[in-house]
Colleague: 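The structure's right below; bear with me while I get my questions together.
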There are 2 protein chains.
Amino acid sequence: MTGHAHPKTPGPGRAPDQAPPAVKPLRRDAVRNHQLVVEAAREVLSEFGTDASMELIASRAGVGVGTVYRRFPNKEALVDEIAGLMLRELTEVARRSLALPDGTGLERFLRVLGNSLAEHRGYADKLVGHSKASCVEVLRDRIAELLLQAQESARIAPGVELGDIMALIWGLRGIVETSGAVVPDAWRRQLDIQLAGLRAATVPADSPPAVTRAQLRQIGTGAAGTAGTAAES
Amino acid sequence: MTGHAHPKTPGPGRAPDQAPPAVKPLRRDAVRNHQLVVEAAREVLSEFGTDASMELIASRAGVGVGTVYRRFPNKEALVDEIAGLMLRELTEVARRSLALPDGTGLERFLRVLGNSLAEHRGYADKLVGHSKASCVEVLRDRIAELLLQAQESARIAPGVELGDIMALIWGLRGIVETSGAVVPDAWRRQLDIQLAGLRAATVPADSPPAVTRAQLRQIGTGAAGTAGTAAES
DNA sequence: GATGAAACGGAACGATCATTCCGGAAGCCA
DNA sequence: TGGCTTCCGGAATGATCGTTCCGTTTCATC
C-alpha cells in the first residue's frame, strides 16, 4: 500500500515483463501485517512522538517486534516512512489547492496543513529533513506556486517570499507542539492573524532577508553550517 | 549564585539570626563546583538539548557525575534550574522593557526573547511548564502589561490578546528549533512581519477565540485536558 | 496433502543512560 | 597540625530500548 520499504509491494496487476529486479510479491499475511504496522505506527507516533518504543508500535499492531523489523531496517526508516506518508498527502493537497480560484489556494493549503500538524503532532518535525529530499523539494515548489497565485490575486503582499511561508509553517508547528495537548486548535487563530498581516503589511525595510532556497535545502540535511553561500531570489 | 538546589547558597552576608532551617553554608569548593556545573549545563543543554547526558555535562564542568548529583536530585531538577535561570532573565528584561517609551516595550522584549530562544535553543521548550508556576505567571503578567502599553500607543491593534502574543512566542520557538542550526536569525524577519501585521490588522471575526489564561496555565501542567472551563477576557 | 520458502513472535543481546554508592581527598575549626 | 565533616570522583547498578536471532508457524505451490 505504501511502497517504500525493502521489498516493494507491487500493484496486483503489472505487465509481466518490466523491472529487472523482479521482486517477489509479498505473502498475503505479510502485506496485511505491513499495513497494520504502518497504521499502528501512525497512531502511536502521532500520540507519543518518536520516543515511543518499537515494542509499543508492534503491540499496537498486534504483531511481534521481529515482524516490524522484517519490513523496516530500523526505527528511523519506519518513522521516515510515516513522515513520507504525511508528506505525500500534503503534496497532494497542495496540488489540488492550485486549482482553487482567486488565489485562495495558499490559505486553503495552510489550513489543511495546520490540521495535519495538529493531528500528527508527535512526528511533524520529521517532515523537514525527510530522506526523500526530492519530495520535500516538490512540496516546496508547489507552495511557491501557491504563494505566487496568492500574490497575483493580491491576497498576499508582494514582498513576501517562500522562506517567509516556510517560517510561518515552522511557527505553526511550534504552536501545535506547545499548546496542542490542551488547545489543539490554537494554531487556527494564529494562522488567521498572520494571513491578515501578510495581505496588507509590507515587510519592514530593515528586516533581514528571507530564508533562501539554498538554506531551505540545507535545513533538514542536518548540516549545521553557518555559512550562507549563494544569493537567491 | 543560583539558589534553587537542595542546600541553599546563602549570600555571604546575612543577619546571623533569621531563618529557622539554618542551612550551613556550602564549602568553598562546593560553591565553585555548583557554579561550574550550572555554567556547563547551560552550555551543553543549549547546544545538544536535554538529550545530552549527565556525564557530558559533568565532564564539561570538569567534575564527576556524583558531584552533579550532590547538588541536584536528578536530571529534571538540573534542567529545571537552568530553564529557571532563563526565565528569570526574561522576566527581568520584561520588567525593564515596561519603562520604554511609546509602547515599544513589547517589541523590545520580543526581540530579546528571540535572541534568547536562539541561544538556548536546546532547552527553550522547558520554559513553559517550569516547576515554579508562579514565575511563569509573573512573566505572563508582565507580557500582558507590555501588550496593554503597546495597544495604548496604537502599536498593536485592539483585538489582540495575551494568548496571541504567547502563541507568537511559541511560533518563534518553533522557527528557531527548525531553522536555528542553519539560519540562526531567521526568527527576526518573521517577528518583524508579525509585528507589522499585529499593528494594523484586525483579528478576523470568524477566528476562534484566543487562548485563555486558564488554558495558558494548563499548558505546561502536562495536563492534556480537552475541556476548556471558564471563560476569560 | 506434502514440501520448501517466507514470515512470525518474542526471548536474548548490547548499548546507552540516569542514578547510587563508597573509599579517599579536601575544607573547616580548634 | 589534628580531627571531623563535607564533598569528590568515577566505577557499579539497574532500567530502557533498539536490534538480532532462531525455533516455530503460515503461506504458496505442486
Side-chain angles (χ1 to χ4, degrees), chain A residues 1 5-10 12 16 21-41 44-45 48-82 122-123 126, chain B residues 1 5-10 12 16 21-41 44-45 48-82 122-123 126:
Chain A
M1 249 344 134
H6 258 175
K8 290 270 184 67
T9 56
V23 277
K24 271 194 186 172
L26 287 181
R27 249 166 54 174
R28 216 188 320 279
D29 54 350
V31 230
R32 181 177 47 82
N33 282 336
H34 178 88
Q35 176 103 302
L36 287 175
V37 166
V38 168
E39 283 166 12
V44 170
L45 292 176
F48 301 102
T50 48
D51 283 345
S53 72
M54 290 296 264
E55 301 247 358
L56 180 58
I57 296 176
S59 78
R60 175 78 65 113
V63 141
V65 262
T67 302
V68 178
Y69 277 95
R70 181 166 315 278
R71 235 34 92 195
F72 300 94
N74 52 40
K75 188 178 183 178
E76 191 189 336
L78 174 56
V79 172
D80 193 67
E81 165 83 12
I82 302 302
Y123 62 92
K126 295 297 182 297
Chain B
M1 248 341 134
H6 257 177
K8 291 271 185 64
T9 55
V23 279
K24 271 191 183 173
L26 287 180
R27 250 168 53 177
R28 214 187 323 279
D29 53 349
V31 240
R32 181 178 46 82
N33 281 336
H34 178 89
Q35 176 103 301
L36 288 175
V37 166
V38 168
E39 283 167 12
V44 170
L45 292 176
F48 301 101
T50 48
D51 284 343
S53 74
M54 291 296 264
E55 300 247 0
L56 180 58
I57 296 175
S59 77
R60 175 79 64 113
V63 142
V65 264
T67 303
V68 178
Y69 277 94
R70 181 165 316 279
R71 235 33 92 195
F72 300 94
N74 51 42
K75 188 177 183 179
E76 189 189 336
L78 174 56
V79 172
D80 193 67
E81 165 83 14
I82 303 303
Y123 62 93
K126 295 296 181 298

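Letters go in sequence order (proteins before strands), and every chain restarts at 1.
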Colleague: CZ of R32(A) versus C1' of dC27(D): gap in Å, rounded?
Modeller: 11 Å
Colleague: Can you figure out which of dA7(C), dT19(C), dC7(D) approaches the side chain of N74(B) most closely?
Modeller: dT19(C)
Colleague: Return no unless some side-chain N or O of R70(A) is found under 4.0 Å from OP1 or OP2 of dG9(C).
Modeller: no
Colleague: Which nucleotide wins on minimum distance to the side chain of Y69(B), given the candidates dC7(D), dT19(C), dA7(C)?
Modeller: dT19(C)
Colleague: Between dC8(D), dA6(C), dT19(C), which one does the side chain of R71(B) approach most closely?
Modeller: dC8(D)
Colleague: Could you tell me the separation between the CD1 atom of I57(A) and the CZ atom of R60(A), rounded to the nearest 0.5 Å?
Modeller: 9.5 Å
Colleague: Starting from P on dC17(D), measure out to CG on L56(A) and report it in whole angstrom.
Modeller: 9 Å
Colleague: Decide side chain to side chain contact (heavy atoms under 4.5 Å, CB included) for Q35(A) and V31(A); before the verdict, give the C-alpha distance in whole Å, the side-chain angles of both, and the deciding distance to 0.1 Å.
Modeller: CA-CA 6 Å; Q35(A) 176 103 302; V31(A) 230; over 6 Å; no
Colleague: Which whole-number value in Å describes the distance from L78(B) CG to dA18(C) C1'?
Modeller: 12 Å
Colleague: Is it the case that the side chain of K75(A) and the backbone of T50(A) share a donor-acceptor pair, with hydrogens and angles ignored and the cut-off at 3.5 Å?
Modeller: yes
Colleague: Taking only N and O in the side chain of N33(A), is any of them less than 4.0 Å away from OP1 or OP2 of dC8(C)?
Modeller: yes
Colleague: Could you check which of dG10(D), dT19(D), dG27(C) has an atom nearest any side-chain atom of V65(B)?
Modeller: dG10(D)
Colleague: Of all the choices, dC8(C), dC27(D), dC8(D), which nucleotide is nearest to the side chain of R27(A) once you look at every atom?
Modeller: dC27(D)
Colleague: For K126(B) and L45(B), what are the C-alpha separation, side-chain angles and deciding distance, and is it a side chain to side chain contact (heavy atoms under 4.5 Å, CB included)?
Modeller: CA-CA 11 Å; K126(B) 295 296 181 298; L45(B) 292 176; over 6 Å; no
Colleague: Considering heavy-atom distances to DNA chain D, does D29(B) or E55(B) have its closest nucleotide positioned more toward the 5' end?
Modeller: D29(B)
Colleague: Evaluate side chain to side chain contact (heavy atoms under 4.5 Å, CB included) for V38(B) paired with F72(B), printing each intermediate quantity in order.
Modeller: CA-CA 10 Å; V38(B) 168; F72(B) 300 94; 4.1 Å; yes
Colleague: Provide the closest heavy-atom pair for A61(A) versus L36(A) in the form atom of the first, atom of the second, distance.
Modeller: CB-O, 3.7 Å
Colleague: T67(A) side chain N/O closer than 4.0 Å to the phosphate oxygens (OP1, OP2) of dG9(C)?
Modeller: yes
Colleague: Provide, to the nearest angstrom, the distance between the CZ atom belonging to R60(B) and the C1' atom belonging to dG9(D).
Modeller: 20 Å
Colleague: List, with names and distances, any nitrogen or oxygen atoms from the protein found under 3.5 Å away from nitrogen or oxygen atoms belonging to nucleotides 14-17 of chain C.
Modeller:
none

Colleague: Which is it for R71(B) and L26(B) under the side chain to side chain contact (heavy atoms under 4.5 Å, CB included) test, yes or no, and what are the steps along the way?
Modeller: CA-CA 11 Å; R71(B) 235 33 92 195; L26(B) 287 180; 3.6 Å; yes
Colleague: Choosing from dG18(D), dC8(C), dT19(C), which nucleotide comes nearest the side chain of A30(A)?
Modeller: dC8(C)
Colleague: Answer with yes or no whether R28(A) presents, from its side chain, a donor or acceptor under 3.5 Å of a partner atom in the base of dT26(D).
Modeller: no
